[in-house]
A.B. asks: 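This is the structure I want to talk about, given as structure tokens.
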Amino acid sequence: MNVMFKKTVATNMRKKLIITMSLVALIISLIITAFYNGLVVRKYIVRTGKLERDQQVRIVLIADLHSHVYGKNQSHIADLIKRQKPDIIALAGDIADDVEPIKGVELFLKALQDIAPIYYVTGNHEVWSGKVDEIKKLFRIYGAIVLENSFESVMVNGVELIIGGVDDPDIVHYENKKYNYDWHKAVYNKFSTLRDVSAYKILISHRPELIDLYKTLPVDLVLSGHSHGGQVRIPFLLNGLYAPDQGWFPKYAGGMYSHNELIHIVSRGVSYNPRLPRIFNPPEVVVIEISG
Ligand SMILES: [Fe+2]
């Protein structure tokens with residue numbers, strides 16, 4: 001009887017130990033996953049009747065680098081982008097920062113320049129730097145096409161594309177009011193001219209929260225950043241806790257959103273700030289495959 005009792009106690013203790021160790025392992029792996037801040041690749045497939053069945057265009061979308069350096073001379077992020085074999089690289093603003101040194105951006109552009117054509121728009125931090133013109137100049141030196149409430153018509157893999165982009169709306173408050181115009185009106189007027197153009201139309205604009213304006217424009221795809229994935233995420237429960245200009249529980253923290261015919265892709269960005277950790281929200285290189 002005594003032996004039986006001892007055996008039962010030993011079995012119960014072993015069970016408890018296994019459960020405790022499993023829980024500890026689970027908590028440790030959750031913490032590691034939560035704070036993982038290595039670059040990940042996020043893929044989206046966009047289907048459109050404007051492309052033939054066998055046609056395809058691949059875009060790599062990068063937002064919110066904030067001058068951070070990934071690997072020696074940006075080799076880590078550049079190699080990852082190169083491996084995606086993009087036809088186009090879209091840089092959706094806040095690539096440079098208003099505080100961090102510009103060196104990271106220069107290395108980034110140098111590393112990207114031979115991979116694919118680069119299209120760039122400014123974000124609020126580039127405007128806040130007070131050096132937005134110098135920053136744009138730097139992008140142009142490395143062959144990037146700077147879109148400033150403008151668009152270009154290009155052929156990619158036999159597909160006619162319109163690639164447009166806008167400056168960050170904060171530009172009207174800076175540079176001694178040099179860019180003093182009604183931003184919303186100017187964007188609406190410029191892109192409304194595309195209403196009768198049948199090509200597939202892409203708009204790059206840093207701010208996701210301005211979706212109500214984008215919905216009024218005759219474009220097929222909008223690419224944004226700015227929200228940093230809402231900084232904190234809880235898988236399956238919360239897609240972002242807080243984002244600039246959207247506040248708590250942002251609607252457009254990151255992901256792919258459909259508004260009837262319009263597709264809006266919001267990058268969670270590649271920002272890295274040790275003082276402001278990203279939780280369940282690793283920096284992401286976004287790959288968009290547009291196909292017929
Ligand atoms: Fe931003």
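Because the structure is a prediction, the values reported are computed rather than measured. Both counts, for ligands and for their atoms, begin at 1 and track the order of listing.
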A.B. asks: Can an N, O or S atom be found in H206 less than 2.8 Å away from the Fe ion (ligand 1)?
C.D. replies: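 So H206 does bind the Fe ion (ligand 1) by this criterion.
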A.B. asks: Would you please indicate if the ring centroids of H125 and H206 are separated by under 6.0 Å?
C.D. replies: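 When the ring centroids of H125 and H206 are compared, they turn out to be at least 6.0 Å apart.
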A.B. asks: Using a strict threshold of under 4.0 Å (side-chain N to carboxylate O), is an ion pair present between E284 and R233?
C.D. replies: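 No.
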A.B. asks: Considering only NZ, NE, NH1 and NH2 on the basic side and carboxylate oxygens on the acidic side, decide whether D167 and K136 come within less than 4.0 Å.
C.D. replies: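 Salt bridge flag = yes for K136 with D167.
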A.B. asks: Of all N/O/S atoms in H226, which lies nearest to the Fe ion (ligand 1)?
C.D. replies: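 Result: ND1.
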A.B. asks: Hydrophobic clusters here meaning ILVMFWY residues chained together by side-chain heavy-atom distances under 4.5 Å, can you tell me if M256 and V219 are in one?
C.D. replies: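 Different clusters: M256 never reaches V219 through Ile, Leu, Val, Met, Phe, Trp or Tyr contacts under 4.5 Å.
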A.B. asks: Is there an N/O/S atom in D64 that lies less than 2.8 Å from the Fe ion (ligand 1)?
C.D. replies: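 Under 2.8 Å: D64 has no N, O or S contact with the Fe ion (ligand 1).
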A.B. asks: Establish, for the pair K201 and F151, whether the NZ or CZ atom is under 6.0 angstrom from the six-membered ring centre and no further than 45 degrees off its axis.
C.D. replies: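 No, cation not above the ring by the 6.0 Å, 45° rule.
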A.B. asks: Taking 2.8 Å as the cut-off, does H228 contribute an N, O or S atom near the Fe ion (ligand 1), distance below it?
C.D. replies: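 Short answer: no, not a single N, O or S atom is under the cut-off.
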A.B. asks: Closest to the Fe ion (ligand 1), which N/O/S atom of D94 is it?
C.D. replies: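 Atom name of the closest N, O or S in D94: OD2.
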